[in-house]
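Whatever order the structure lists them in is the order used to number ligands and atoms, beginning at 1.
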Amino acid sequence: MNQVITAEELLTEAELHAVREAIGAAEKRTSGEIRVHLEDHIEEEVLDHAAFIFEELGMHRTRDRNGVLIYLSVADRKLAVIGDEAINQQVPENFWNDVLGLLKLHLAAGRAAEGLVEAVHMVGEKLRTHFPLKHDDTDELPNEVSFGRR
Ligand code: CA
Ligand code: CA
């Protein structure tokens, strides 16, 4: 039997909650905003598509241009981690590679939730060096995991 897991089936309610909590915790230490977006399957090249989703989610509208999207197409395990322009101006091009590597390892081992939680944590740690939390911080983008095309 060829069982294909959809984006909605990847994580349980408790796991979705854990990812949301991880994003909330990470955002207490940085002005950066992190989102996790899951889709079933894509035909497009993953970086191009993730950039499209980034815009669709309005992630280019943060005050400090420091939103980060962790994108996963579930059935084909295509992943991308992309940051907004203020981040890209400050960090080397391969800045997110170890986050991708970590997430890939977890996914290959069937540990999607742990992988996403750890990836969020790692992104948060990276962001806080360049974008420390400001006194007037607000939650600019929802911490909820989002699904599908918008
Ligand atoms: Ca914030
Ligand atoms: Ca947020």
Backbone or side-chain N/O/S of Pro142 under 3.0 Å of the Ca ion (ligand 2): no

Heteroatom test (N, O or S) for Glu140 near the Ca ion (ligand 2), limit 3.0 Å: no

Plane angle bin for His130 and Phe95 - parallel if under 30°, tilted between 30 and 60°, otherwise perpendicular: perpendicular

Angle in degrees, rounded to 10°, that OE2 of Glu33 and O of Thr138 form at the Ca ion (ligand 1): 90°

Output field: ring centroids Tyr71/His49 closer than 6.0 Å: yes

Under-4.0 Å salt bridge between Asp137 and Lys28: no

The Ca ion (ligand 2) - closest N/O/S atom in Asp139: OD1

Atom nearest to the Ca ion (ligand 2) - Glu27, N, O or S atoms considered: OE1

Verdict with supporting geometry, Ile70 and Leu116, side chain to side chain contact (heavy atoms under 4.5 Å, CB included): CA-CA 8 Å; Ile70 299 174; Leu116 288 168; 4.2 Å; yes

Presence of N, O or S from Asp137 under 3.0 Å of the Ca ion (ligand 1): yes

Asn66 versus Ser31, side-chain donor and acceptor atoms under 3.5 Å: yes

